[in-house]
Number of protein chains: 2
Amino acid sequence: MATGRTHRPATRSRGIPEATVARLPLYLRALTALSERSVPTVSSEELAAAAGVNSAKLRKDFSYLGSYGTRGVGYDVEYLVYQISRELGLTQDWPVVIVGIGNLGAALANYGGFASRGFRVAALIDADPAMAGKPVAGIPVQHTDDLERIIQDNGVSIGVIATPAGAAQQVCDRLVAAGVTSILNFAPTVLNVPDGVDVRKVDLSIELQILAFHEQRKAGEEAAAADTAVAPAARRQPADKGPDGDVPAVMPA
Amino acid sequence: MATGRTHRPATRSRGIPEATVARLPLYLRALTALSERSVPTVSSEELAAAAGVNSAKLRKDFSYLGSYGTRGVGYDVEYLVYQISRELGLTQDWPVVIVGIGNLGAALANYGGFASRGFRVAALIDADPAMAGKPVAGIPVQHTDDLERIIQDNGVSIGVIATPAGAAQQVCDRLVAAGVTSILNFAPTVLNVPDGVDVRKVDLSIELQILAFHEQRKAGEEAAAADTAVAPAARRQPADKGPDGDVPAVMPA
DNA sequence: TGGTGTGAAAGGATTCACAGCC
DNA sequence: GGCTGTGAATCCTTTCACACCA
């Protein structure tokens, strides 16, 4: 899960639970797909299946937003898309800068999912002078020297760090000093930021490591488990019921 | 974040809490850095700071693994690295395949964090015949037609999907049929898998949306908050300029 | 003394189950 | 009859605070 450190004064007492916020984008994606197919209404059961959660959770999540459904009928797709978009702040345009245009930075610059959701890549920044001026995803790369000016000229408040780990903290400090208050960090390092700045991280190798943990467990299902304390590991046959269930938090990783 | 519908019989096997498992890679990374600096021991306070968590949580986490510390002293760095690696299953080699060698797939193939953690990119697979044979990160791309053979020949149990959303489920089905039991999904879609298969997802735009939510809150700190924070009397207003330009929500690579 | 290990308390998140409304 | 909205129960996670010991 990603992480949002800076849990300062608190998670806004009268706000939406963090776990719910993390699922809103999921619902929005599913709703957008329904909208494109011109589906007018959807039940909590159907939408939950499309989003990969269970319906009770979905209804509870929506209850934090308000009463947007109709008993006996379901939810109006278009209306919900609008309400969730507004709640997430996606009805406005968010200029974003990406710092570190290596393989990953280029992938992010080309990522269509940004533009389609209210995000606009305002600038690409890299420390390599040789990159300067070269267009990536149609946007010319600018040099790190101009970072502060770029942030201010574009009114950027969200920055994406895709640099090597060693450069991340320094880039982070400069972004924050220039006015950025939200950072998405892909560098495998912990960033220190002042209060009021949100950081979420995505670490590709961490996700794989978590998978490896469960994979290992499956392998040792009936074979001698790791070592001590053998897991009762019964057959792989969860008495689980429903279609799905689960989805921890996460946040992201 | 980033977790998907893992249908494991759950962590119920008397094992380590899922939240703890998700943090072990974090500790491991911090410990590895200490190890490289030849630091012999570390206290829970110091290690927690390096990993970005608080010390009580760290100690509780470690208590699930066993008593590996020394009161009054701290933890032996090398020993802890080993114990956590073993717990995560990183003392063995995990061959991984990456399917979908677009920008993101290439970035993943080049990602150093994999190799350094017990993961080995066994093969790169793409549906584009023009890609076949072209080396990416020193590994020749192979065609999707050979997917099953590749999985079996290399004994792969972990697959990474970096294809467009439209192709993800199909690729997933083939991976699972060929024997893959853990999947890391970068495609913005919900994957359906049979019991016993774990899926974790990473969605770049979801992370940004969560940041946007918090960013919006900061902006409206004392300014007029959203608009109608209360039950809107003017329901049915889906038109209102719509969510946003709504570009085709298709995928990148 | 200094720092681990851990019961117990507190806080969240998820699930249940059903009242209430269309 | 069908489906939402939500209190109540349950489960999981985090935090506290202190016993215990090298």
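Below, read A as the first sequence line, B as the second, and so on, with proteins coming before strands; counting in each chain starts at 1.
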TODO: May I have the distance from Ile16(B) (atom CD1) to dC12(D) (atom C1'), rounded to whole angstrom?
DONE: 16 Å
Task: 5' precedence on DNA chain D between Ala56(A) and Val73(A) (nearest-nucleotide basis) - done: Val73(A)
Task: Non-hydrogen side-chain atoms of Asp203(A) and Asn185(A) separated by less than 4.5 Å - done: no
Task: Whole-Å gap separating P (dC12(D)) and CZ (Arg23(B)) - done: 15 Å
- [ ] Pick base, sugar-phosphate or nothing for Tyr75(B), based on heavy-atom distances below 4.0 Å to the nucleic acid.
- [x] sugar-phosphate
Task: Side chain to side chain, Leu90(A) and Phe213(B), heavy atoms closer than 4.5 Å - done: no
Open item on the list: Which is more 5' along DNA chain C, the nucleotide nearest Gly72(A) or the one nearest Asp61(A)? Just name the residue.
Closed with: Asp61(A)
- [ ] Report yes if at least one side-chain N or O of Asn54(B) is closer than 4.0 Å to OP1 or OP2 of dT14(D); otherwise report no.
- [x] no
Task: Whole angstrom value for the distance that separates C1' of dT4(D) from OH of Tyr79(A) - done: 15 Å
Open item on the list: Please report the distance, rounded to the nearest Å, between CZ in Arg71(A) and C1' in dC21(C).
Closed with: 5 Å
- [ ] Would you mind reporting whether Lys218(B) and Asp198(A) have side-chain heavy atoms less than 4.5 Å apart?
- [x] yes
- [ ] Report yes if at least one side-chain N or O of Lys57(A) is closer than 4.0 Å to OP1 or OP2 of dT15(C); otherwise report no.
- [x] yes
- [ ] May I have the distance from Glu46(A) (atom CD) to dG2(D) (atom C1'), rounded to whole angstrom?
- [x] 12 Å
TODO: Report the distance from atom CD of Glu18(A) to atom C1' of dT13(D), rounded to the nearest whole Å.
DONE: 15 Å
- [ ] Kindly say if Arg59(A) contacts the phosphate of dC18(C), meaning a side-chain N or O under 4.0 Å from OP1 or OP2.
- [x] no
- [ ] Please report, rounded to the nearest Å, how far the C1' atom of dT6(C) is from the OH atom of Tyr68(B).
- [x] 17 Å
- [ ] Would you indicate, yes or no, if dC3(D) has its OP1 or OP2 atom less than 4.0 angstrom from a side-chain nitrogen or oxygen of Ser43(A)?
- [x] no
- [ ] May I ask you to evaluate whether Thr70(A) reaches the phosphate of dT4(D), defined as a side-chain N or O under 4.0 Å from OP1 or OP2?
- [x] no
- [ ] Would you kindly give the CG-to-C1' distance between Leu58(A) and dC3(D), to the nearest whole Å?
- [x] 12 Å
Task: Earlier contact from the 5' end, DNA chain C, for Lys60(B) and Glu45(B) - done: Glu45(B)
- [ ] Locate the shortest heavy-atom distance separating Gln169(B) from Leu191(B); write the atom from each residue and the value.
- [x] OE1-CA, 3.4 Å
Open item on the list: Please report the interatomic distance CG(Asp61(A)) to CD1(Ile16(A)), rounded to the nearest 0.5 Å.
Closed with: 9.5 Å
